[in-house]
Amino acid sequence: MSAPGDVERLLACVIARELRDTDIVAFGLHAELLLAAALLAQRLHAPNLVLRHGLREERGAEIGPAAWTDNARSRTHELIEYVEEHDVILDVASLSPMRFCDVFLVGGMQIDREGSVNLIGIKGKDGRLAVRGPGSIGTTSIATLARRPILFSPDHTPRRFVERVDYVSVPGWKRRAAAGLEGGPILCVTPLAVMDFADGAMRLRSVHGHTTLDEVRRRTGFPLAPDGPVPVTPPPTKSESDAIEIVDPFGRLAGLGFRADGGDQ
Amino acid sequence: MSAPGDVERLLACVIARELRDTDIVAFGLHAELLLAAALLAQRLHAPNLVLRHGLREERGAEIGPAAWTDNARSRTHELIEYVEEHDVILDVASLSPMRFCDVFLVGGMQIDREGSVNLIGIKGKDGRLAVRGPGSIGTTSIATLARRPILFSPDHTPRRFVERVDYVSVPGWKRRAAAGLEGGPILCVTPLAVMDFADGAMRLRSVHGHTTLDEVRRRTGFPLAPDGPVPVTPPPTKSESDAIEIVDPFGRLAGLGFRADGGDQ
Amino acid sequence: MSGENRRERVVSVTEAVTLVKDGAVVGLSGFSYQNPPMALVREIIRRRVRDLTIVSGPTSGIETDLLIGAGCVRRVITAGVAFEKVIPIAPAFRRAAESGAIDIWECDECIWHLALKAAAWGMPHILWRGGVATSLPELNRDLQEVEVDGMRYLKVPPVQPDIVFLHVAEADVFGNLRMAREAYLGRSFAERALALACRGPVVASCERIVPNDEVVEHPERTFVRGALVVELPNGSHPGGTSGRSIPDLDHYREYTAAGEAARKGEPGRYQAYLERYVYGPDNHDDYLKVVGGARLESLRMSVA
Amino acid sequence: MSGENRRERVVSVTEAVTLVKDGAVVGLSGFSYQNPPMALVREIIRRRVRDLTIVSGPTSGIETDLLIGAGCVRRVITAGVAFEKVIPIAPAFRRAAESGAIDIWECDECIWHLALKAAAWGMPHILWRGGVATSLPELNRDLQEVEVDGMRYLKVPPVQPDIVFLHVAEADVFGNLRMAREAYLGRSFAERALALACRGPVVASCERIVPNDEVVEHPERTFVRGALVVELPNGSHPGGTSGRSIPDLDHYREYTAAGEAARKGEPGRYQAYLERYVYGPDNHDDYLKVVGGARLESLRMSVA
């Protein structure tokens, strides 16, 4: 099996490989995974990638909850060069070179086959809200207007991956197309697998080395193409591993608590 | 007759007497007259009156075109205490205690009986624009949304004071009422007289000591109530004169070029 | 001249809080852990105000959750109520949401900002692309989709507070509010959006009242003017004050444990929390004594 | 790491100006006398670009008037074109307006800002109370009054530049632009509004390229990022650069005299001005030689 942090570091590499030199990548709270991926990409193949911070300066751009610590400015300095500007969140709708972002990381209580995400709540048998979720927070507009949102989940269970979400906080491919919204989720990463989208439906791209294709299918609430075999997720390369050491000096990725076993069902 | 600057100083006092302790008074370029009046009011009876500046800091709050001079910050300091905040012009629509302003000074190519002002241009016989005016600049929205705009003219001629303006840059009383806009112009000052408004129409409040009622009527393109006699505009008091010395140390009011004779017709 | 006769706008906690009436729409500062006007909030609870509509956030924290838990709230307008790493959904908010005890205007941070801008700018609505094709229209009767020139938009209505309470690092006696230099936020703040949208008074507690001269020296740091000011050091506790103090996460955990217990059907512990920290202390000074000076000292940021 | 492989965004004047095509919608900085990108404007004229729509201001100055006078402009979107105390209506603008040679989108500064915000925020229109009951709807086919819930509003359409040219005090090689500290403007700038509304490149001439570290030290001073940068000291002459140089009012008077002569039917003097200051000099350095070093020296502000 895998050591603590292996899964998080693997996913940071997987996401980094998707990021482009021209991307603007925006962060909300607890975006350590995307932040790590963006910092990796900057070092490996996307030096011009821009990090945008919706948050207050004191949070800085380092990995981890630096926002509320006295030494907030200590480590951030080295990385803050990418956040010269304090952003205005409404600029998320701008198409100019100063647009807010292209890529945003989205998690949720439920994720469905077309990539719609639910942060609002789970309905009970009576159809009314039974379990309250975190709400739309900074996600709905940013993820709707970003051209290439990326989905993630800290576990991989049929409760999380459902045929149809109870509420839609961020629309998936078909809903976006119907509303005339550009783009859609390009990737969905979990502790067990990497999914992408074809014809507006989620499909398996690779399965992590520490688990099996059957396990992934068993833990997903809807059928995943392709029917045949799926490659193993390429592990971090030497240069990726070296870069991780630099961008995550405190080993904070290991603290994200992703469930390498996929989590309780 | 009057000495240079007498008229401008008189009008600064006339306007100051209209300003209230609770007013927020906003300035555009060349608002020396209103600026002087507001600074007077602060010293005489309205210490809480707030000056708001739509302009760049370097202009400061002194009387005169300090904006583009090297010593911009020299004199401004003493007065800048009232412009702690750099304002966002769109807040002109706000009704909050942080609203942009209540009072704004408005001049124009034409001013008509109901207090509508024209900054756009004069129409030729063919009904098309023949003489181009300065345009709407910062005036239209601010003067429309300010509750108590004040009108002024550096001269007093039938060309300026017309029955009906060719174009409307700022609406007068009837037009405002029809559009559901609150308030309207409270005063109109010229080198010859002071006018206010009753039932949406301009009327004479007082005539300056250096001219006559007949002269004023002769130079106004529409009949002015009341038919009877009109008081003389009260000259600056001792305390008003003393305060002017302080707020206009460079005698810039005298440089505004108001025509004590009413100007060429 | 330094405005000899200029009216000072310093008020007492009581004067400030008496301005809140039952059923009012109350704007509160507080982004996540930062700058909640807690001393004022606790006084509002002591006065047992009821049926408030809270506009806070854009993503709210303990200032909103405590008011909900104390039964002062009928409706919230926020993109979420959470305590970061301590708990992703604040306990009183979750409990009230699941029981239907409060109404929630389901919005995100952009829509929250636009609703306040619509109020500040006198607009009947603002059309916004973010949030189309989501469940927001299903959840908010007054946040519907419209189609204009073949494109779909959310029709965002104005949200206008009756009164706003903020906590800031510094203010002068004339009501000019500013953030700590160390915490400069850039060009838009929730605090400013709330103040500009407000139809009534804006009240700010501050860590320290500074001389007007200092404020004048750096006009660009003033982000709200004309507020009523109450000097209440540590007035954001257990939240932090940007650039001045960090949040008291131990206190957040204590509060969360009590709130989660109540949510799971054991209201006693939450009541105990309210007794110890809100109803027990007569005022903010008493509250600070209960928290303890050593604890407060440990939360202070070193100011450059 | 200081971004070893990060792409620098410094370009030549030619590279910058070649991006403008006939008929383009061009945004220009320049509020009254301050910060017009004149060196870039003169190069645009030398290239004889035609039929431009100019978005400048909110109240514009010589950058717009010179382009009109040189015959490059078909339409202007501005609240006015003026030279302050020198002349209340710029001569080429007035002449073209009265002859009907250009179209004017009649707006004021608030409407100008809202039209750019509508573009930046992806809105089909913004409803605004300012300007109702005026002649603006009579003068602009696309700025009509609408009634919503019994209230009248102007329906402000989006205005979206294809390219934007700015002049700023400082920039770094990565395209981060900032005002001089001495000229801090507060929270909203025409420059930022133009940049955010622009669908294409944003190009900035600057007095000085500063090290990225300096920019990083004061993030709050960066107001536009990702621009293409051209280092052109005195690039705003005859306009001023906020916090760096004051406008050359004598030059404004010289230009105005020539423009007024042309307006009164004596085009020769305006042509002579263009020859001397625009077509004559091959580039900005030549232009500065024509103006003279002593003159430029006399315009520099003492920097704190």
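Below, each value reflects all heavy atoms present in this structure, side chains not excepted, and no hydrogens, waters or symmetry copies. Here is how names work: the chains are called A, B, and so on, in the same order as the sequence lines, proteins then strands, and each is numbered from 1.
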Worksheet item: So, for A:T144 and C:R129, which heavy atoms are closest and what is the spacing to 0.1 Å?
Response: CG2-O, 4.2 Å
Worksheet item: Of the backbone (N, CA, C, O) and the side chain (C-beta and beyond), which part of A:I137 lies under 4.5 Å from a heavy atom of chain C, both, or neither?
Response: both
Discussion item. Please classify the contact of C:E145 with chain A as side chain, backbone, both or neither, using a heavy-atom distance under 4.5 Å.
Written reply: neither
Discussion item. Applying a heavy-atom distance below 4.5 Å, give me the residues of residues 168-183 of chain A that approach chain C, sorted by number.
Written reply: A:V168, A:S169, A:P171, A:R175, A:A178, A:A179, A:G180, A:L181
Worksheet item: Between C:I111 and A:S141, which heavy-atom pair has the shortest distance, and what is it?
Response: CG1-OG, 4.2 Å
Worksheet item: For C:L139, is it the side chain, the backbone, both, or neither that has a heavy atom closer than 4.5 Å to a heavy atom of chain A?
Response: side chain
Discussion item. Can you list the residues of residues 109-121 of chain A that sit under 4.5 Å from chain C, counting heavy atoms only?
Written reply: A:I120
Worksheet item: Could you give the distance from CH2 (C:W128) to OG1 (A:T140), rounded to the nearest 0.5 Å?
Response: 12.0 Å
Practice prompt. Could you look at C:A82 and say if it's the side chain, the backbone, both or neither that has a heavy atom under 4.5 Å from chain A?
Written response: neither
Discussion item. Is C:P58 close to chain A through its backbone or its side chain, or both, or neither, when contacts mean heavy atoms under 4.5 Å?
Written reply: neither
Response to the item:
Looking only at heavy atoms, the pair that brings A:S136 and C:L136 closest together is OG-CD2, 3.8 Å
Worksheet item: Hey, which residues of residues 102-109 of chain C are touching chain A, say heavy atoms under 4.5 Å apart?
Response: C:I104, C:E106, C:C107, C:D108, C:E109
Fill in: Non-neighbouring partners of C:Y252 that pass side-chain hydrogen bond (donor to acceptor under 3.5 Å, both in side chains), sequence neighbours left out
none
